[in-house]
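Before any comments, here is the structure.
Below, each value reflects all heavy atoms present in this structure, side chains not excepted, and no hydrogens, waters or symmetry copies. Chain letters run A, B, ... following the sequence lines, proteins first, then strands; residues in each count from 1.
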Amino acid sequence: MKPQPIVLKVLNVASVLLFLAALGMVFLYAPLEATMNYVQKIFYFHVANAWVGMLGFIAAAVAGVVYLIKHDQKWDIVELAAVEISLVFFIIAIVTGSIWARPSWGAYWTWEPRLTTAAILEMVYIAYLLLRQGLDDPDRRARFSAVYTLIGAISVPITFMSIRLFRTIHPVVIGTNSTASQGNFDMTSKMLATMFFALFTFSVIFVNLFWHRIRLGQLAQQVEQLKLEELQ
Amino acid sequence: MIAVKKLVKRFGLKTVLRGLDFEVQEGEFVALLGPNGAGKTTFLRILASLSRPTLGEVRVAGYLLPAQAAAVRRNLGVVSHLPLLYGELTAEENLRFYGRMYGVLELSQRINEVLELVGLTSRRRDLVRTFSRGMQQRLAIGRAILHDPDVLLFDEPHTGLDQDACDMLDRLLREVAGQGRTVVMTSHDLGRVEDLASRFDVLSRGGISASASRNGLGKNNLLDFYRQALAG
Amino acid sequence: MNRPQTTDHRPSSIVRRPSSGFLNAIGAIVWKDLAAELRSRELLSAMLVFALLVILIFNFALELDPLTRRVATPGILWATFAFAGTLGLNRSMAVEKDRGCLDGLLLAPVDRSAIYFGKTISNLAFMLIVEVVVLPVYSVLYNTNLFNPGLIVVILLGSVGYVAVGTLLSSMAVQTRTRDVLLPILLFPVVIPILIAAVKASSGFLQGLALTEVMPYINLLIVYDVIFTAVAYMVFDYVVEE
């Protein structure tokens, strides 16, 4: 087993430090929002989680396409890693979104386009994992997974567009017109800086986790290989 | 007619065929023997263009696989232990369907010929679902030779047949093979292939471990030859 | 190495042609599916009975009084089509898999996409037959006039997209261990755009909205149909070849 590369070790430390710094910025540096008070703090992590989910979604789509072109098993490992990370971070984003939504919209869940699309994307990911579970031959599993990733990568943005279309033609009538009820607020420059710092932090965390997960996949493959050699 | 050089087939990490060399001259009837799980079916599926070789060169009827798969398929008939027939269609309709898929000209006349050959003319308008296993297998042979291929591949064609049906199938196999076609047949039943094949190859440990022609093999020696091939 | 010359010793009545023709192969598959189905009626009867049961269940689940009906009809119709559709798609592919017929199709010297298009057209035919029966039955049961040219167009476009993705995914699902349950799970999350657009467009036509208000959804359906037919055409090889 290869030890962790030095860059990965640096990333481990950087992730922890950056995360602590981001927490500090959110609670100590960013000002308190006028109408929502402390609840608004979750916004920074909510956006950052959704951002990581988005990165994972894109990475999975790219890995899927590359697999279909190259037929190299390592892209299957990358694709699975990206899907798993995206799945987890979108769940966190949905939960933090709900916590945000309760005071600002008055309900934990609204059928808002982004939220709904995130939920549907989760369903695609779960279907993806069930598909993998039903296939034993690793080559076929990789091909089918890549095809399904591609189908999902195309359909999910169209889903988002169609829900948006439905919104623009039928504007929201429930609730008042004030910006607060829509969940909007004016961001000060300090808030903006905090948000971008959180985004940066979570991007680093994403790279770090992604790397670890790919490494795990490779190690699992090596174990599989050793088992086979032992049997033969 | 068939030339395979250094064929490697992997399923994920599992290597089934490791550097297999195999050659068949025109008009030969080769029985491919070997224990279950030796990779006989895998090898036959590669020859049939249904599975891609991982490495190595495979030529069937003069064409390279998988690059010239369409040309190979036009010169290839396959009979497997599954009938590859539609139960809800009649014998004639099944042949008509496959004839159209292969673009067979003067199809009606050819269907009559084939039905006559496999002895199913009287049952031509009956649903295949009502056929016995033996009749289905005969029709499957008719389907395989409908487009008059040069190469025939039989994958355990005797599976699930009783003694009489087996004998009948053997007569038919001998007849279609006798028309100058090249045949490769897998089997684990030595008694069945003893009188059929002109050459016996043993597939084990991912390669052809022994090969002997009928003439080079004295009477009753097939079993000894086979055991030696597996042991050595 | 040149192709070896075969000697003329076989009673051969056929002359080889360079190719069997793409359209001919599609036609053969569609003919085969329809002929088999016309005889057994297994798939269509299952789809139809199931569709009627779904409508019946909605009747009790939603208390379909005249007012609710106006709003709920498009949704009920499309939920019915989607549910009955998976039943048909699953069965249509299982028939190919069970007796090894899929290998039989793959052994034919035609482009793999001919198999995809053949199966897609058959599946579309089954779906449309079910819809043609369900619509008048629904009209009679709920005293709602569904004979609307716009609605027909929406049903056609929606079914094309549904079947285009469904045929691809069912040929994947049928090769898994969990084949009986997997198809709807794979299919529904990715056909949501169709369901949204089809329901909205259907209700637009039924409520007599202006065409400009319905057009965005029609366009969305067309875009979806084109994209997914093209994608399925490109990736079908990966799904059937080893």
Side-chain angles (χ1 to χ4, degrees), chain B residues 1 3 11 26 45-46 48-52 59 61-64 66 69-78 80-90 93-94 96-107 109-110 113 117 127-129 136 140 143-144 146-148 150 179-181, chain C residues 1-43 91 95-112 114-115 118 237-238 240-242:
Chain B
M1 225 33 186
F11 289 106
E26 188 178 342
R45 285 182 71 82
I46 290 174
S49 80
L50 289 172
S51 185
R52 286 165 191 275
R59 272 179 194 281
Y63 298 104
L64 201 62
V72 171
R73 284 178 199 132
R74 214 168 293 129
N75 291 293
L76 190 74
V78 176
S80 88
H81 47 272
L82 290 168
L84 281 66
L85 296 166
Y86 293 94
E88 293 300 331
L89 297 180
T90 66
E93 285 168 341
N94 265 293
R96 185 165 294 281
F97 167 64
Y98 279 109
R100 286 181 68 187
M101 291 297 284
Y102 281 89
V104 176
L105 292 182
E106 290 174 55
L107 186 56
Q109 197 192 329
R110 180 66 186 157
E113 281 173 24
L117 179 73
L127 294 188
V128 167
R129 164 159 68 76
Q136 289 195 13
R143 175 190 52 71
L146 187 67
H147 56 290
D148 198 17
D150 298 324
Q179 294 167 336
R181 295 192 174 94
Chain C
M1 185 165 135
N2 287 321
R3 172 153 156 54
Q5 288 293 308
T6 46
T7 40
D8 200 20
H9 44 45
R10 268 177 250 147
S12 173
S13 64
I14 58 164
V15 184
R16 283 206 184 82
R17 287 200 304 188
S19 106
S20 57
F22 191 68
L23 293 177
N24 200 12
I26 295 177
I29 293 172
V30 175
W31 169 82
K32 176 267 298 176
D33 275 345
L34 295 184
E37 186 52 34
L38 222 59
R39 192 167 286 134
S40 72
R41 299 197 192 88
E42 273 176 0
L43 193 153
R91 179 76 197 139
V95 168
E96 303 291 349
K97 192 69 188 162
D98 283 345
R99 287 159 183 266
C101 292
L102 189 59
D103 281 345
L105 296 179
L106 294 174
L107 283 167
V110 292
D111 198 88
R112 270 78 172 91
I115 301 169
D237 266 17
Y238 296 107
V240 290
E241 270 193 19
E242 276 173 21

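- Only the side chain of C:E42 comes within less than 4.5 Å of a heavy atom in chain B; its backbone stays farther off.
- There is no contact between C:R41 and chain B, counting heavy-atom distances below 4.5 Å.
- The two residues C:G27 and B:R100 have their closest heavy-atom pair at C-NH2, 3.7 Å.
- Taken from CZ in B:R73 to CG in C:L106, the straight-line distance is 7.0 Å, to the nearest 0.5 Å.
- In terms of heavy-atom pairs under 4.5 angstrom with chain C, the leader among B:L85, B:L107, B:L64 is B:L85.
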Exercise for the section: Show your working on side-chain contact (heavy atoms from CB on, under 4.5 Å) between B:E93 and C:R39 and close with a plain yes or no. Expected result: CA-CA 12 Å; B:E93 285 168 341; C:R39 192 167 286 134; 2.8 Å; yes
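- Only the side chain of B:L127 comes within contact range of chain C, with at least one heavy atom under 4.5 Å from a heavy atom of that chain.
- Of the atoms belonging to C:I29, heavy atoms from both backbone and side chain fall under 4.5 Å from chain B.
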Exercise for the section: For side-chain contact (heavy atoms from CB on, under 4.5 Å), just list the numbers for C:L107 and B:M101, CA-CA rounded to whole Å, side-chain angles, deciding distance to a tenth of an Å, and then say yes or no. Expected result: CA-CA 9 Å; C:L107 283 167; B:M101 291 297 284; over 6 Å; no
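- Here the closest non-hydrogen pair linking C:C101 and B:Y98 is O-OH, 4.1 Å.
- The residue among B:L76, B:L82, B:L84, B:I46 with the most heavy atom pairs within less than 4.5 Å of chain C is B:L84.
- Both the backbone and the side chain of B:S51 come within less than 4.5 Å of a heavy atom in chain C.
- For C:D111, no part lies near chain B; criterion is any non-hydrogen pair under 4.5 Å.
- The shortest heavy-atom contact between C:P109 and B:A70 is CB-O, 3.6 Å.
- Side-chain N or O atoms of B:R96 include none that pairs as donor or acceptor with a backbone N or O of C:K32 at under 3.5 Å.
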